[in-house]
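Throughout, numbering of the chain's residues begins at 1 and tracks the sequence.
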Amino acid sequence: MTSRDLLQRSAQPITLAVGCVVLVGIGVAATTLVVRTGANEIGLLAVILVGLAAIGVLAGLAITQACRESHSRDTELRELAAAKATLESSIADRTEHLREAIAEIRRSADIMHKTIISMADAVLVIDENGATIISNPAAHRLFGARADVGSPDWQKTYHRFQPDGTTPFPADLSPIGRAMRGEDVDNVEFALRREGDIRITQIIANGRVFRDPDGALRGAVLVYRDVTRLQETERQLRQAQKMEAVGQLTGGIAHDFNNILTVIMGTIGILTEEVAHRPDLAAIAQMIDEAAERGAELTKQLLAFARKQPLQPRITDINTLIVSAGKLLRPTLGERITIETKLEEGCNAFVDPSMLTSTLINLAVNGRDAMPDGGRLVIEASNVFLDETYASVNRDAAPGAYVMIAVSDSGCGIPVAIRDKVFDPFFTTKGIGKGTGLGLSMVYGFVKQSNGHIKLYSEEGYGTSIKIYLPRAGTGTEDAVTLVPAEKTAGGSETIFVVEDDDLLRSTLTAQLTSLGYTVRAAGDAGEALDMVRSGITFDLLLTDMILPGKMTGRQLADAVATMRVSLKVMFSSGYTENAVIHHGRLEPGLLLLPKPYRKEELARMVRVGLAHEAYRPSARSETAELRPPSNAGLA
């Protein structure tokens, strides 16, 4: 109700009262006039009645007005009560809505808080001055306690570098520095190292700034991801791909080179015998022979790196092997280097012992070269178990039981910049003519082919430790063919069936066997050989190359001939075998292999071993002989 309405309602009873007073006054005046004028009683009575009537009228009007006002007041009170109830209901509704809104805000804030603290990535919320407002536990683990990241005090403990881990990272290019200038941050990479810690943490940062409605900068949200493990995995993958590609190339080259060397070494043997009475020519022949021997060693290392060398693993007492290798190493390393061994009992691995000995010698020689002024070389052996956690970090390692062999030196160490290259073939830090760069690559290939794992640790100025993990030997009786000691062996009069696709090598091999007294039958591929067998030729030993042109390998040829000759005796020859005789890097039990290149004496000895060996047993796959895939298989 307005103030005007209140004024009108208060004026109504006043007007009615004034009207009554006026009427009474008029009545009194009329009565006085009648009395003064001497009017009779009837006139006086009339005046009185008129006055009373007027008073009654006024009284009725007053009562009516009073009733109206009472009804109006009741109506207004009811309206006020209804308005009050409506207002109270509205207030209650708004209060409930506000309570729900506050509860929703609290729920959202709680979810946001839990989300931030549970994130694996580090989260920082900073104000416009760079001070930290919010930080999660991941940020505390990465950047330390809840201090202002990037502040002078923080920089005394944490040092930022470019991703290379050595070049300082400019403070104005840091994620926080850019955010304080109002810039959004996308994929900024840097490295972080805590004072007193040698570990480098690789980080990628992203961030967005936020502003108030007027556009003024109010802070930023920054997210940091630790990508150290991811980058290490990517590095290992790139390294493995590179090594695989180089291995395929070197393996193919070594295979063809072995054929050439076999011819050279075979003919040199014949030539040496012919010029024995000519010292000048004999010296030249000896030089050629030594060069061929170096070439053979080179191809052996290439094949080891390519993981295509034929291994003959057996259960090996690692401690005994290390002690024996140590006797060879003492005169090789010299008196200025002390050799120490730390051997745990019961270290037995399933490995090719001769290749492992060569591996230890390679590692020891590398250690010697890192200690030109003398030092200490430690060879350790122990039984270890690599768990899932280790394998998840080192993707080329499988969980399981291993024998760990560590060769450590106290030399100059390997610089960080070249540690990823030490196992690459032909990589060397030695001077020209002092190394082929194949020593460590051969070690790498041998370990991988043996289903093992290799790890390098080094610090500049302190030394290097290379750890080899080889599969621990089981309780089985696995063993490879044990060959008779290498010595000159006379020839014979038997018939040898030679299958070799290289014309020059086939001719040389035929000449060597003929000079030893054997009768030779020769074929250039599997198809020709099968036709000759079907024609009824007789022979005592099948000597076949493993890699033959066409659809059949030497192993498949032997399987096919064995179905026609029950007492067949077979010897294989190859530069590498592409899993035809070798499975998972191991020579199948009962098979004979003459690795290329070989000398006449080795050929003579192995032929006698083959003729005395048991009859050939076809492989279980002879019914469905595997066809060698075309050279472009898998490239589609």
Side-chain angles (χ1 to χ4, degrees), residues 254-274 285 288-289 292-293 295-296 299-300 303 310 483 486-533 537-550 552-558 561 568-578 580-581 591-613 616:
H255 172 255
D256 293 336
F257 193 40
N258 267 336
N259 286 341
I260 298 172
L261 286 173
T262 302
V263 174
I264 295 174
M265 295 171 71
T267 54
I268 283 298
I270 298 173
L271 182 61
T272 301
E273 295 175 358
E274 296 296 327
I288 297 174
D289 186 68
E293 185 67 35
T299 56
K300 183 179 179 181
L303 287 171
L483 303 180
E487 58 182 17
K488 290 187 177 181
T489 306
S493 58
E494 293 88 350
T495 300
I496 312 299
F497 187 16
V498 175
V499 183
E500 170 62 58
D501 62 293
D502 188 290
D503 294 338
L504 184 59
L505 179 56
R506 185 170 65 251
S507 298
T508 302
L509 185 55
T510 299
Q512 287 178 320
L513 291 171
T514 301
S515 69
L516 291 169
Y518 296 105
T519 300
V520 180
R521 302 284 186 267
D525 56 48
E528 182 183 355
L530 286 175
D531 290 340
M532 294 175 66
V533 173
I537 68 165
T538 60
F539 56 90
D540 300 291
L541 176 68
L542 172 63
L543 174 54
T544 176
D545 190 11
M546 279 310 311
I547 308 301
L548 297 174
M552 295 183 72
T553 65
R555 181 65 187 275
Q556 292 163 351
L557 170 63
V561 174
L568 176 69
K569 296 183 179 181
V570 179
M571 183 167 64
F572 299 100
S573 178
S574 182
Y576 69 93
T577 57
E578 290 189 345
V581 172
L591 299 183
L592 291 178
L593 179 67
L594 176 61
K596 297 177 183 177
Y598 48 81
R599 297 180 180 276
K600 182 180 178 181
E601 295 81 4
E602 189 175 3
L603 171 64
R605 179 180 60 83
M606 284 297 297
V607 168
R608 299 315 304 172
V609 171
L611 289 168
H613 200 258
Y616 174 76

[atom1]-[atom2] distance between [X] and [Y], expressed to the nearest 0.5 angstrom:
X: Leu557; Y: Met552; atom1: CG; atom2: CE; answer: 5.5 Å
X: Lys569; Y: Asp540; atom1: NZ; atom2: CG; answer: 8.5 Å
X: Leu594; Y: Thr544; atom1: CG; atom2: OG1; answer: 12.0 Å
X: Phe497; Y: Leu541; atom1: CZ; atom2: CG; answer: 11.5 Å
X: Glu528; Y: Met532; atom1: CD; atom2: CE; answer: 6.0 Å
X: Gln512; Y: Lys600; atom1: CD; atom2: NZ; answer: 7.0 Å

Looking at every heavy atom in both [X] and [Y], which two are closest together, and how far apart are they?
X: Leu542; Y: Ala558; result: CD2-CA, 4.3 Å
X: Ala529; Y: Val499; result: CB-CG2, 3.8 Å
X: Pro549; Y: Asp501; result: CD-CB, 3.3 Å

Would you check, one step at a time, whether the test side-chain contact (heavy atoms from CB on, under 4.5 Å) holds for Leu530 with Val561? CA-CA 7 Å; Leu530 286 175; Val561 174; 4.0 Å; yes

Qualifying residues under side chain to side chain contact (heavy atoms under 4.5 Å, CB included), relative to Thr510, sequence neighbours excluded: Arg506, Thr514, Val520, Ala522

Residues in side chain to side chain contact (heavy atoms under 4.5 Å, CB included) with Asp502, at least two apart?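 With neighbours one apart ignored, the set is Asn259, Glu500, Leu504, Leu505.
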
Which residue pairs pass the side chain to side chain donor-acceptor pair (under 3.5 Å) test with at least one member in residues 517-527, sequence neighbours excluded?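 As it turns out, the side chain to side chain donor-acceptor pair (under 3.5 Å) pairs with a partner in residues 517-527, which skip direct neighbours, are Tyr518-Arg608.
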
Going by heavy atoms in the side chains, are Leu543 and Leu509 under 4.5 Å from each other? yes

Can you check whether Val533 reaches Leu568 side chain to side chain, under 4.5 Å on heavy atoms?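 A side-chain contact under 4.5 Å is absent here.
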
What is the ring orientation for Phe572 with Tyr616, classed by angle as parallel under 30°, tilted 30 to 60°, or perpendicular over 60°?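 The rings of Phe572 and Tyr616 stand perpendicular, inter-plane angle above 60°.
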
